[in-house]
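What you see is a predicted model; the values in this text were computed from it and never measured. Keep in mind that the numbers below use all heavy atoms, side chains included, and drop hydrogens, waters and symmetry copies. Residue numbering restarts at 1 for every chain, and letters A, B, ... go by the order of the sequence lines.
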Amino acid sequence: MRLSFTVNGRQCEADDVWEGESLLYVLRERLGLPGSKNACEQGECGSCTVYLDGVPACACLVAAGQAAGREVGTVEGLAEGDGLGAVQESFVEAGAVQCGFCTPGLLVATDDLVNRVPHPSDAEIRESLAGNLCRCTGYEKIMDAVRLAADRRASSEASRSGKTDA
Amino acid sequence: MIPFDYQRADRADGAVAAVGVRPAAAFLGGGTNLVDHLKLGVAEPELLVDVTRLPFDGIDTLPDGGVRVGATVRNSDLAAEAIVRQRYPVLSQALLSGASGQLRNLATTGGNLLQRTRCPYFQDVTTPCNKREPGQGCSARGGYTRYHAILGASEHCVATHPSDMAVALTALDATVHVTGPNGQRDIPVTELHRLPGDEPHRDTVLEHGDLITAVDLPELPMAARSRYRKVRDRASYAFALVSVAAALDVEDGTVREARIALGGVAHKPWRANTAEQALRGAPATEQSFREAAEAELAEAQPVRDNAFKVPMARNTLVATLRDLAGEEAR
């Protein structure tokens with residue numbers, strides 16, 4: 001089939017796609033977007049997390065045919081121009097990356113969280129990231145990174161709306 | 001994973017016809033369980049019919065005061081729906097206690113009901129399993145059984161049903177709407193799932209080609225005070241060791257009505273009829289709750305690794321009822 005869908009805001013087509021292959025495979029192997037990682041392939045680890053119609057989902061569980069006509073956002077879409085986006089910067093600064101395999105999925109999950117919840121509690125952060133498994137860090141630096149990302153998102157929202165974050 | 005054909009269904013009758021005529025065809029919903037099975041070799045369909053774009057994505061109030069949930073409504077959307085949070089909090093809590101955000105955003109109402117056991121022997125094609133291949137024998141009998149059943153099991157199968165949502169729907173007496181090769185019918189959710197008996201390969205009473213189109217929640221004012229309590233091996237993103245869905249109607253210190261279902265204890269969500277019967281008319285005290293829980297679990301038959309589930313189920317049920325009674329008193 002010819003798969004037509006939107007990726008990071010741009011209309012994309014991929015040809016000779018088998019409807020049963022995963023969205024993750026299409027992104028990585030056909031569209032040259034290897035940011036989303038292929039780890040467990042079972043929806044367990046969250047390394048392949050992408051936005052699907054605006055909500056995070058495991059790209060390894062979505063058949064290519066199911067993605068037709070839908071909007072996909074990958075970790076590559078979190079960048080700002082040639083630089084890193086604010087969530088990505090937060091992970092670098094907090095030292096939240098070791099081997100890095102889980103990082104793209106965590107970035108998408110974190111982006112979703114800080115967009116939805118202005119000041120997430122630690123419990124909310126843990127619950128929101130429950131579907132993203134990291135086998136290196138023990139999560140402490142990841143927690144730091146998410147808190148940093150949330151603070152920055154909140155303060156940029158506040159400056160945009162002309163208010164201070166009292 | 002073996003190759004398969006894929007079709008996207010636009011109409012329910014077309015989907016039913018496409019699956020009904022091919023024994024090796026299956027419906028594809030959110031894929032959170034079936035896609036795993038394709039990769040593990042547990043399922044080897046020749047055709048998948050994608051039903052996620054059928055027009056069953058609404059949550060609507062019914063003229064009789066109930067609520068109809070379309071089969072393709074995503075678990076996350078159902079959990080967040082205001083009418084569910086207000087009138088059936090047990091359902092919202094159960095949904096949010098299941099899986100992870102990424103999975104709840106994919107999983108559908110119909111698919112959640114039809115997900116299959118996470119018994120490790122069922123999911124491992126190198127070990128015998130009567131549910132996967134009838135007649136092979138049960139590897140869990142005498143094997144690792146921490147997550148297995150304590151009620152209603154058979155010598156052929158000791159697996160548990162994994163859904164949290166289904167436990168809440170069981171306590172609420174929901175009705176499942178099905179359309180299939182022989183027409184439409186309604187099935188009480190309490191009768192949808194089966195005990196294993198000597199046919200453990202049949203999880204439900206559905207026949208090949210039957211498609212769930214909606215789930216109705218009855219009007220049930222007492223469900224506005226209802227809870228889901230889940231005990232698991234880690235704080236999030238784990239299947240239940242034991243769970244309790246309950247609603248309690250107390251007046252002047254006496255239980256008028258109770259609705260209780262247990263998860264993680266049987267091949268199906270376990271409606272606690274015995275406990276409910278024991279509670280009707282009883283004083284809303286911890287002693288009554290304990291006696292009701294013990295009556296429900298009197299027939300429990302733990303296997304090698306799960307004797308802990310009997311006191312855990314009892315204590316979780318008592319704690320849930322105590323919390324609900326405390327809510328009533330305020």
Side-chain angles (χ1 to χ4, degrees), chain A residues 1 3 17-25 36 38 40-70 102 104-106 108-113 116-117 120 122-133 139, chain B residues 1-10 26-40 42-54 57 72 74-77 79-80 96-108 111 115 118 123 232 234-239:
Chain A
M1 71 176 286
L3 177 64
V17 172
W18 171 42
E19 295 96 329
E21 69 191 41
S22 71
L23 169 61
L24 179 62
Y25 183 88
S36 310
N38 184 4
C40 77
E41 285 197 86
Q42 297 188 320
E44 285 278 333
C45 74
S47 297
C48 65
T49 301
V50 298
Y51 283 112
L52 184 61
D53 289 344
V55 296
C58 294
C60 72
L61 296 177
V62 178
Q66 293 185 299
R70 299 175 73 177
C102 68
L106 278 160
V108 175
T110 301
D111 187 67
D112 173 64
L113 172 65
R116 282 186 294 113
V117 184
D122 282 3
E124 285 172 312
I125 296 173
R126 288 182 186 282
E127 183 61 31
S128 292
L129 302 186
N132 294 82
L133 304 186
Y139 300 102
Chain B
M1 186 160 79
I2 60 165
F4 52 85
D5 294 330
Y6 168 95
Q7 292 175 12
R8 186 192 307 146
D10 301 317
F27 298 113
L28 174 65
T32 60
N33 192 211
L34 179 55
V35 173
D36 276 4
H37 288 168
L38 300 178
K39 293 173 180 173
L40 294 169
V42 172
E44 296 186 327
E46 295 169 4
L47 168 67
L48 289 186
V49 176
D50 178 3
V51 294
T52 55
R53 298 203 200 186
L54 293 179
D57 58 351
T72 65
R74 306 289 174 171
N75 285 180
S76 46
D77 292 335
L96 292 176
S97 78
S100 66
Q102 289 96 322
L103 297 177
R104 292 192 294 271
N105 285 335
L106 291 173
T108 63
Q115 64 178 305
R118 296 322 196 270
Q123 298 194 113
R232 46 192 159 174
R234 57 186 181 194
S236 185
Y237 199 21
F239 288 97

Show me the side-chain donor-acceptor pairs of residues 30-38 of chain B shorter than 3.5 Å, one per line, residues at least two apart or across chains.
from, atom 1, to, atom 2, distance (Å)
B/N33, OD1, B/R116, N, 2.8
B/N33, ND2, B/H37, NE2, 3.4

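Between A/G46 and B/Q102 the shortest heavy-atom distance is CA-NE2, 4.2 Å. Closest of all the heavy-atom pairs between B/Y237 and A/E44 is OH-O, 2.8 Å. Minimum heavy-atom separation, A/W18 to B/F4: NE1-O, 3.0 Å. Contact record, B/N105 with A/P56: ND2-O, 2.7 Å, taken as the closest heavy-atom pair. Considering all non-hydrogen atoms of both residues, A/G131 and B/S100 come closest at CA-CB, 3.4 Å.
The shortest side-chain heavy-atom distance between B/L96 and A/E127 does not fall under the 4.5 Å cut-off.
Contact annotation for A/C60: both backbone and side-chain heavy atoms come within less than 4.5 Å of a heavy atom of chain B. Residue contact with chain B, scored on non-hydrogen atoms closer than 4.5 Å, involves the backbone and the side chain of A/A68 alike. No part of A/L129 comes within reach of chain B, as not one of its non-hydrogen atoms sits under 4.5 angstrom from that chain. Heavy-atom distances place no part of A/V50 under 4.5 Å from chain B, backbone and side chain included.
Annotation: maximal heavy-atom pairing with chain B below 4.5 Å, among A/A64, A/A109, A/G65, A/C58, occurs at A/G65.
Side-chain atoms of A/Q66 come within 3.5 Å of backbone atoms of B/G29 as a donor-acceptor pair (strictly under, hydrogens ignored).
Other residues, nucleotides and ligands contribute more than 12 heavy atoms inside 6.0 Å of the CZ atom of B/R8.
If you take CD on A/Q42 and CG on B/L103, they are separated by 11.0 Å, rounding to the nearest 0.5 Å.
Among residues two or more places apart in sequence or in another chain, the side chain to side chain donor-acceptor pair (under 3.5 Å) test is passed with B/S97 by none. With sequence neighbours excluded, the residues forming a side chain to side chain contact (heavy atoms under 4.5 Å, CB included) with A/D53 are A/R70, A/E71, listed by chain and number.
At a heavy-atom cut-off of under 4.5 Å, chain A is reached by B/D50, B/T52, B/R53 from residues 45-54 of chain B, listed in order of number.
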